[in-house]
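So the structure is just underneath, and the comments pick up after that.
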Amino acid sequence: MLKIVCPAVSTPDIEVAKPFEKRLIKYVFHDIDGTHSLIRDWVPVMTLVTGAVATYGMFPGSPAEAAKAIAGHSPEEFPEARRFAIESAGLSALTQMEWALRMSRRLDNTSTELNEKIIQAIWQGKERFEDAGESPEDSAELQKQSSELFHVYEILLLEMCRNRNLAAAKLDPAAWQVPGSMEFLQYLYANGVKNYFVTGAVVEYDARGNAAGSMAEEVTALGYEMGSGKLIEKFCGSTWQKKLPKVEIMRQLCQSDNIAPENLLIAGDGRSEIAAAVELGAIALSRLDMTAARQREIHRKLGTNLIIPDYRKIRDILIK
């Protein structure tokens, strides 16, 4: 375990957004994409998929057929969808798909006052609307379409960037990690801190309960060992059909693994993990590029404690 100490002043390497008292850290929940891994250049793909559906409606046919049709467009056509992708970073992909589908209701004037309120709520980072008053039939249909569109998004993500970048990462893992990522995780692990990967992407499992699927393949390619007692203690994520906001996954982990939030650090580049840290009472660490002005603004308003561009200096405030 380690103690984390708040720097007295901000530096180019560590911005103090919200000071905190010294804490004992025993556990760290890490987001993956953009926080540690650079394999998935997801913003252009999210922009393309949500923008196309918001502008033209749900594309017909199988997920593969819809993906092919959407690929005929360009992310540059959809500036509002790009803004949404940046604002919604960290939300469940199913919530992001839901936004596009709700936006498409404007095309035939079927968007209700409630639908418009939910659109705005998603912009603010809300994800649960079961008690909003929509009919069970409407909610079920929206869930079904969101799952179908999620498959379309994943097809295009793999085709447009992930497969190519994964092949490169297998040859040179360090080039596809945020600088200092591996050293930071190894330092935590060596000092008895348990690391958990928590992602909004789908995490599948094999018959023995081991993480499988595309996300697990990426984590393995980057050299992050997973499993009880290993560098990454557990790997948790979303599903194709059921929306799982990160705060719910993290709250469940705290309960199942007897984790006290006062001994927890949460690291991420999306709004949901930072909001979760604030809600749970953990230390929030934002990993954001120096050029990510809007994201930094969002994270400060959410109440993050520290903002770093990478992990090369973070050990300076950790004490054995």
Side-chain angles (χ1 to χ4, degrees), residues 13-14 28-49 75 82 85-86 88-91 93 96 153-190 195-204 210-227 230-238 246 265-274 285-292 295-296 299 307-315:
D13 300 300
I14 304 176
V28 182
F29 294 166
H30 307 260
D31 177 54
I32 303 173
D33 291 329
T35 301
H36 287 282
S37 171
L38 301 175
I39 289 176
R40 295 192 171 206
D41 185 16
W42 64 272
V43 171
V45 186
M46 182 65 68
T47 299
L48 176 62
V49 173
R82 177 173 175 79
I86 292 171
S88 65
L91 298 185
Q96 293 168 312
Y153 165 76
E154 191 72 10
I155 290 170
L156 287 170
L157 183 71
L158 268 58
E159 291 178 352
M160 292 173 65
C161 66
R162 182 266 185 184
N163 289 346
R164 177 182 66 252
N165 294 346
L166 178 64
K170 289 179 178 179
L171 298 175
D172 185 8
W176 295 90
Q177 300 166 0
V178 172
S181 164
M182 183 63 78
E183 292 78 10
F184 177 49
L185 288 164
Q186 289 175 337
Y187 183 74
L188 293 169
Y189 176 72
N195 294 303
Y196 294 72
F197 273 173
V198 181
T199 177
V202 172
V203 176
E204 299 170 303
N210 298 315
S214 62
M215 277 302 302
E217 186 180 10
E218 293 167 35
V219 170
T220 300
L222 290 172
Y224 304 118
E225 287 191 292
M226 297 179 289
K230 296 183 179 180
L231 182 66
I232 306 303
E233 182 75 15
K234 287 186 179 180
F235 185 23
C236 306
S238 189
K246 284 182 184 173
L265 171 71
I266 297 178
D269 69 323
R271 68 181 303 145
S272 61
E273 53 264 30
I274 300 306
L285 175 67
S286 299
R287 204 305 293 176
L288 297 168
D289 292 334
M290 296 296 294
T291 57
Q295 292 93 323
R296 284 173 170 251
H299 285 222
I307 304 177
I308 59 173
D310 56 53
Y311 300 99
R312 288 176 289 189
K313 295 291 184 179
I314 192 64
R315 280 176 50 176

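Keep in mind that the numbers below use all heavy atoms, side chains included, and drop hydrogens, waters and symmetry copies. Numbers for residues simply follow the sequence, beginning at 1.
Of all heavy-atom pairs between S88 and Q96, the closest is OG-NE2, 3.0 Å. Among all heavy-atom pairs drawn from W176 and A169, the shortest one is CD1-CA, 3.4 Å. The minimum heavy-atom distance linking H30 with F184 is given by the pair CE1-CE2, 4.0 Å. Here the shortest heavy-atom pairing between S238 and G200 reads CB-O, 3.3 Å.
Atom CG of residue L188 and atom CG of residue N195 lie 5.0 Å apart, to the nearest 0.5 angstrom. Taking SG from C236 and OH from Y196, the interatomic distance works out to 8.5 Å, rounded to the nearest 0.5 Å. Atom CD1 in I32 sits 5.0 Å away from atom OG1 in T199 (nearest 0.5 Å). Separation of atoms CD (Q295) and CD1 (I86) is listed at 5.0 Å; rounding is to 0.5 Å. Taken to the nearest 0.5 Å, the OG1 atom of T220 stands 9.0 Å off from the CG atom of L222. Separating the CG atom in N163 from the CD atom in E217 is a distance of 8.0 Å, to the nearest 0.5 Å.
Counting heavy atoms from C-beta outward, P309 and D289 have side chains that stay 4.5 Å or more apart. Side-chain contact between K246 and F29 is absent, with no heavy-atom pair separated by less than 4.5 Å. Counting heavy atoms from C-beta on, the side chains of M215 and D33 come closer than 4.5 Å.
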**OP:** Begin from the C-alpha positions of L231 and M226 and carry the test side-chain contact (heavy atoms from CB on, under 4.5 Å) through to its verdict.
**Re:** CA-CA 6 Å; L231 182 66; M226 297 179 289; over 6 Å; no

**OP:** With side-chain contact (heavy atoms from CB on, under 4.5 Å) as the test, would you mind laying out the steps for M46 and Y153 before giving the verdict?
**Re:** CA-CA 7 Å; M46 182 65 68; Y153 165 76; 3.7 Å; yes

Original post:
What's the verdict on side chain to side chain donor-acceptor pair (under 3.5 Å) for Y224 and S37, showing C-alpha distance, side-chain angles and the deciding distance?
Top reply: CA-CA 10 Å; Y224 304 118; S37 171; over 6 Å; no

**OP:** With side-chain contact (heavy atoms from CB on, under 4.5 Å) as the test, would you mind laying out the steps for E154 and L158 before giving the verdict?
**Re:** CA-CA 6 Å; E154 191 72 10; L158 268 58; 3.5 Å; yes

Original post:
When you look at I274 and I266, which way does the side-chain contact (heavy atoms from CB on, under 4.5 Å) test go after all the steps?
Top reply: CA-CA 7 Å; I274 300 306; I266 297 178; 5.6 Å; no

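In this structure, the side chain of D310 engages the main chain of R312 through a donor-acceptor pair within 3.5 Å. In this structure, S181 contributes its side chain and Q177 its backbone to no donor-acceptor pair below 3.5 Å. Between the side chain of R271 and the main chain of H299, no donor-acceptor pair closer than 3.5 Å is present. Between the R162 side chain and the S214 main chain, a donor and an acceptor come within less than 3.5 Å of each other. At least one donor-acceptor pair closer than 3.5 Å links the side chain of T35 to the backbone N or O of D269. The closest donor-acceptor contact from the side chain of R296 to the backbone of L288 lies under 3.5 Å. S286 contributes no side-chain N or O that, together with a main-chain N or O of I307, makes up a donor-acceptor pair within less than 3.5 Å.
For the pair K170 and E218, the salt-bridge criterion is not met [side-chain N within less than 4.0 Å of a carboxylate O].
Tested against R40, the residues N165, L157, V45 include a single side-chain contact (heavy atoms from CB on, under 4.5 Å) partner, L157.
Sparse packing is recorded around CZ of R82, with 12 or fewer heavy atoms of other residues, nucleotides or ligands lying under 6.0 Å away.
Classified by interplanar angle (parallel below 30°, tilted 30° to 60°, perpendicular above 60°), the ring pair H36/Y311 is parallel.
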